[in-house]
Trainee: 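Have a look at the structure that comes next, please.
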Amino acid sequence: MDFKIGVIKGDGIGPEIVTEAMKVLDKTAVRYGHKIHYTQLLLGGASIDVHGVPLTDDTVEKAKECDAVLMGSIGGDAKTSPWYQLEPAKRPEAGLLRIRKELNLFANLRPAVLYDELKGACPLKEEITEGGFDMMIMRELTGGLYFGERRTVEENGVLTAYDSLTYNENEIRRIAKRGFDIAMKRRKKVTSVDKANVLDSSRLWRKIVEEAAAEYPEVTLEHMLVDNCAMQLVKDPKQFDVILTENMFGDILSDEASMVTGSIGMLASASLNETSFGLYEPSGGSAPDIAGRGIANPIATILSAAMMLRFSLNLDKEASAVEQAVAKVLADGYRTIDIMSEGKKQVGTSRMGDLIAGCI
Ligand code: IPM
Ligand code: MG
């Protein structure tokens with residue numbers, strides 16, 4: 001089949017890691033008889049450099065014409081990059097938020113898995129991680145504090161900033177349903193995370209999630225306060241299957257969850273809308289400190305491409321082939337520097353891509 005894929009290489013290590021994912025996709029396409037047409041799209045700092053803004057209307061339109069978008073990472077070093085001299089609405093991150101909203105990517109899936117091969121990198125005690133863990137953070141991505149009204153004003157001579165947190169029941173219902181659908185394909189447990197002891201938006205969240213749960217009698221639903229969840233993630237990560245939460249909490253908890261795996265360079269993510277379209281990107285950031293050195297780990301981006309094959313292109317077999325190729329290369333002892341341990345073979349970004357593509 002023919003597919004049209006938008007490619008956002010982005011900033012920092014983005015171009016290096018996306019190049020490797022394209023290498024793997026190309027090999028997969030040849031092997032399974034598909035044709036992939038790429039459309040390069042500019043976002044973040046790369047777009048600011050060319051157009052003066054982090055996202056143009058033209059890029060949004062082009063992205064909408066694609067079956068899916070594969071992304072590297074955006075943003076730079078806030079202390080040194082000229083992008084951060086611009087007003088907040090023109091900085092790289094603003095482009096990312098806008099594309100999420102424009103494409104209606106309300107469901108953000110961030111898996112956090114402890115890879116058996118990489119157990120040594122996990123910062124938690126062995127007795128806690130015994131048997132591994134495998135959770136999916138489902139983060140609402142187009143509402144809440146990120147998209148509420150915000151302003152900074154002077155009131156009676158005192159500078160005062162406002163950020164508003166709003167959710168309506170429809171926004172909560174659609175992400176809850178997505179969470180339960182995903183749980184049905186996993187271990188059938190949803191932990192809905194909120195701050196219902198303080199926030200009205202969380203009390204509505206809890207009510208609507210409970211209503212949605214009625215349609216999924218096989219799924220066990222539990223509620224957890226966000227502060228407790230932050231603690232439980234390091235105390236007993238095994239207890240989680242699907243964590244369902246709002247935008248801001250999901251931002252924080254997904255970083256924490258990826259950190260406890262010890263290998264953020266391995267974690268993929270997908271941002272989906274109501275259709276099969278999605279934007280796929282590694283969970284890690286643009287890592288400007290190591291950009292251009294050929295040492296970044298491309299595996300998270302390669303696994304994001306696998307998620308894209310599965311969720312947007314409906315190519316399960318091909319997605320599994322990519323995942324198995326990654327597993328094989330790790331089992332053969334190849335590691336990028338971030339996941340390197342004694343006795344293993346250290347390789348750079350491009351060689352890692354070659355090795356994985358070679359296993360397909
Ligand atoms: C993420 C990032 C973004 C977010 C930033 C770059 C705006 O931290 O994807 O988690 O907060 O959503
Ligand atoms: Mg984040």
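Numbering of ligands and ligand atoms starts at 1, following listing order.
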Trainee: Between ligand 1 and the protein, which N/O pairs fall short of 3.5 Å?
Mentor:
unit_1, atom_1, unit_2, atom_2, d
ligand 1, 8 (O), Asp251, OD1, 3.3
ligand 1, 9 (O), Arg100, NH2, 2.8
ligand 1, 9 (O), Arg110, NH2, 2.8
ligand 1, 10 (O), Arg110, NH1, 3.0
ligand 1, 10 (O), Arg110, NH2, 3.2
ligand 1, 10 (O), Arg139, NH1, 3.3
ligand 1, 10 (O), Asp251, OD1, 2.9
ligand 1, 11 (O), Tyr146, OH, 2.6
ligand 1, 11 (O), Asp251, OD1, 3.4
ligand 1, 12 (O), Arg100, NH1, 2.8
ligand 1, 12 (O), Arg139, NH1, 3.3
ligand 1, 12 (O), Arg139, NH2, 2.9

Trainee: Could you list the cluster mates of Val30? Members are the ILVMFWY residues connected by side-chain heavy atoms closer than 4.5 Å, either directly or through other members.
Mentor: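 Listed partners: none, Val30 stands alone.
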Trainee: Measure from NZ or CZ of Arg174 to the centre of the six-membered ring of Phe106 and say whether it is under 6.0 Å with the direction within 45° of the ring axis.
Mentor: yes
Trainee: Could you enumerate the protein N, O or S atoms under 2.8 Å from the Mg ion (ligand 2), written like residue then atom name?
Mentor: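 The answer is Asp251 OD1.
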Trainee: OG1 of Thr336 to CG of Asn297: how many Å apart, nearest 0.5 Å?
Mentor: 3.0 Å
Trainee: In the hydrophobic clustering that connects Ile, Leu, Val, Met, Phe, Trp and Tyr at side-chain heavy-atom distances below 4.5 Å, which members other than Val60 occupy its cluster, ordered by chain and number?
Mentor: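 Same cluster as Val60: Ile8, Leu41, Leu43, Leu55, Val69, Met71, Ile74, Leu96, Ile99, Leu103, Leu105, Phe277, Leu279.
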Trainee: Just by modelled atom types, is the Leu225 backbone N or O under 3.5 Å from a matching donor or acceptor in the Asp194 side chain?
Mentor: no
Trainee: Would you say Phe133 ends up clustered with Met266 if hydrophobic residues are merged whenever their side chains have heavy atoms under 4.5 Å apart, either directly or through other cluster members?
Mentor: yes
Trainee: Can the ring centres of His34 and Phe3 be said to be less than 6.0 Å apart?
Mentor: yes
Trainee: Is it true that Leu244 and Phe240 fall in one hydrophobic cluster, defined by side-chain heavy atoms closer than 4.5 Å?
Mentor: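 Result: yes, single cluster for both.
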Trainee: Cationic tip of Lys101 within the cone over Phe147's six-membered ring, i.e. under 6.0 Å and within 45° of the normal?
Mentor: yes
